[in-house]
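Read the structure below first, then the notes.
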Amino acid sequence: MGADSPVPAERATRAVDGSPRNLGREHRLINRPRALALLRDARLDGLIASAPENVTYLTGLLVPSPYLRREVQVFAVLTPDPEADPILVMPASFLAFLVDEPTGTGTVRVYGDPHTVLPGSDAILEEREARLLALVRSTPRFASAQEALLSVCADARLARGRLALDETGLSARAWAAIHERLTDAQIVEGAALLRRIRAVKTPAEVARLRRSAEIIEAAQDAMFCSVKEGVTERILAEIIERRVWTEGGRPAFSYLGLGVRGGALRPACDSPARGGDLVRTEMGCTHLQYWSDTGRTAVVGAPSDRQRRCFDALAAGHRAALDALRSGTPVGDVFDAAVRAVRRSGIPEYRRTHCGHGIGLQLYDAPLVAPSDETILEPGMVVNVEVPYYELGFGGMQIEDTAVVTDGAPFLLTRAARELRVLS
């Protein structure tokens, strides 16, 4: 039977296994060994994710609530059992996402109304619709997100345990309500633990990050190819967004500075390009909720001596940061290497609060490439290295790349040439 073959509704409920356990373990994003080890180290009996990015990480579900309704609540529950898949709590109206995007969940509990009319037993359905009908009919349903979560905690024997609850996806009222219902549990904040777990990426995550980087670099190149005297920032920003959509991504941001406007981050406007203008770009998109973030610099016509000197200094800092970016290095040392090299190479007054950041399900994942961050780099961390320079009245320059940390030289996900691009 083909993927789109019609299936009688009555037969579908018997032929399609409604358990999400069969929807695709190969799609997992979670670094399970790391997660379970950190749970044991923290003496935790369970971890409850609430923020969309953390629920996606544990279950693979592409949570739509940030784009639709922020107040819609989704949870994912992870226990220390190495054989148990994460448990998903979500609105019944989201069940279609389990059909369209295979997940790596175990049990699913839903709440509320599925907002869809169920057909009679003699209805003829396409394959996906038949699977959705089976899920709607077989998945336990509760009155509210909290009721569903309490049921999960009871069944997993977590109601009396020590639990880490992700505070980033909860209102103060929701946090208090969960505390009031789980009176026998010891509840601690869990967002920091989730960031630590997510800091080391799995191959599935790196694949998504790589594709996100490819998409934004294709958009960046299309934009540079369109720069000529008279073209405006707004037109260039539109070129970027169209190319991102065409490549299968979701546009996120595009900071574009022509001439002196590049000296500060500003929304694109109708300012036109002129001969001698610097063109500073910093842009990103998402692909399957994984971020990209890159930046390059060009000049319309031949660069001035000062433009060339400044860019060469930044390039030296960028190389120094990449040379330092390897397993076992304190992330603060990467920052120090970048700033020292820029100052030594031609911008003695160069100052930065950070020279990069982790990237993944959030634009700013852990770690932060800054003196204040005490993280020791580990293989599999994915870090954006950036050495921008902004000066009012002069303009801006940017070199930014995404790199996977290894025991040796980092593996770059961004591939575009890093030299000062001369646009004729």
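This one's a predicted model, so the numbers in the text were calculated from it and none came from an experiment.
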Would you say Glu349 has more than 12 foreign heavy atoms packed within less than 6.0 Å of its CD? yes

Are the side chain of Glu217 and the backbone N or O of Ala416 linked by a donor-acceptor pair below 3.5 Å? yes

Apply the side-chain contact (heavy atoms from CB on, under 4.5 Å) test between Leu98 and each candidate in Leu132, Thr59, Val108; give the one that qualifies. Val108

Does any non-hydrogen side-chain atom of Asn31 lie less than 4.5 Å from one of Tyr57? yes

Check the pair His287, Glu214 against side-chain hydrogen bond (donor to acceptor under 3.5 Å, both in side chains), reporting the backbone distance first and the verdict last. CA-CA 10 Å; His287 169 67; Glu214 290 172 349; over 6 Å; no

Less than 4.0 angstrom from a charged side-chain N to a carboxylate O is my criterion; do Asp277 and Arg261 meet it? no

Would you call the rings of His179 and Trp175 parallel, tilted or perpendicular if under 30° counts as parallel and over 60° as perpendicular? tilted

Run the salt bridge (Lys or Arg N to Asp or Glu O under 4.0 Å) check on Asp221 and Arg421 step by step: do they pass? CA-CA 11 Å; Asp221 187 63; Arg421 189 164 176 166; 3.2 Å; yes

Of all heavy-atom pairs linking Leu412 and Ala403, the shortest is CD2-CB, 3.7 Å

Are Asp270 and Arg234 ion-paired here, with the side-chain N under 4.0 Å from a carboxylate O? yes

If we ignore hydrogens and angles and just use 3.5 Å, is the side chain of Ser212 paired with the main-chain N or O of Tyr290 as donor and acceptor? yes

For Val200 and Glu205, the nearest pair of non-hydrogen atoms, with its separation, is O-OE1, 4.1 Å

What is the minimum heavy-atom distance between Glu53 and Leu361, and which atoms define it? O-CD1, 3.2 Å

On a heavy-atom basis, the closest approach of Phe335 and Arg352 is CZ-O, 3.2 Å

Between Asp373 and Leu368, is there a donor-acceptor pair closer than 3.5 Å when you use the side chain of the first and the backbone of the second? yes

Is the shortest distance from a Lys or Arg side-chain nitrogen in Arg243 or Glu247 to a carboxylate oxygen in the other one below 4.0 Å? yes

Quick check for you: to the nearest 0.5 Å, what is the distance between Ser345 atom OG and Arg309 atom CZ? 13.0 Å

Which atoms form the tightest heavy-atom contact between Ala324 and Ala337, and what is the distance? CB-CB, 4.2 Å

For Phe142, is the NZ or CZ atom of Arg109 found under 6.0 angstrom from the centre of its six-membered ring and inside 45 degrees of the ring axis? no

Residue from Leu182, Val188, Leu44 passing side-chain contact (heavy atoms from CB on, under 4.5 Å) with Leu163: Leu182

Is a side-chain N or O of Thr375 found less than 3.5 angstrom from the main chain of Pro367, in a donor-acceptor match? no

Ignoring hydrogens and angles, tell me if any N or O in the side chain of Thr246 forms a donor-acceptor pair with the backbone of Arg242 under 3.5 Å. yes

Should the pair His357 and Tyr364 be assigned to parallel (<30°), tilted (30 to 60°) or perpendicular (>60°) ring geometry? parallel

Suppose we screen for side chain to side chain contact (heavy atoms under 4.5 Å, CB included). Which residues come up paired with Ser254, at least two apart in sequence or across chains? Ala237, Ile240, Met283

Separation between CZ of Arg34 and CG of Leu39, rounded to the nearest 0.5 Å: 12.0 Å

With heavy-atom distances below 4.5 Å as the criterion, would you say the side chains of Met90 and Leu95 are in contact? yes

Donor-acceptor pair, distance only, cut-off 3.5 Å: does the side chain of Glu167 make one with the backbone of Ala191? yes

Do NZ/NE/NH1/NH2 and the carboxylate oxygens of Asp407 and Arg326 come within less than 4.0 Å? no

Count the heavy atoms belonging to other residues, nucleotides or ligands that lie under 6.0 Å from CZ of Arg306, then report whether that count exceeds 12. yes

Any donor and acceptor pair, going by atom type alone, linking the side chain of Arg280 with main-chain N or O of Gly262 inside 3.5 Å? yes

What's the separation between atom CG in Asp113 and atom OG in Ser93, rounded to the nearest 0.5 Å? 8.5 Å

Hey, are the side chains of Arg250 and Val244 touching, using non-hydrogen atoms and a 4.5 Å cut-off? no

Please determine if Glu147 and Arg181 form a salt bridge, counting it only when a charged side-chain N lies under 4.0 Å from a carboxylate O. yes

Is any side-chain heavy atom of Thr107 less than 4.5 Å from a side-chain heavy atom of Leu88? no

Do Phe253 and Asp293 come close enough that some side-chain heavy atom pair is under 4.5 Å? yes

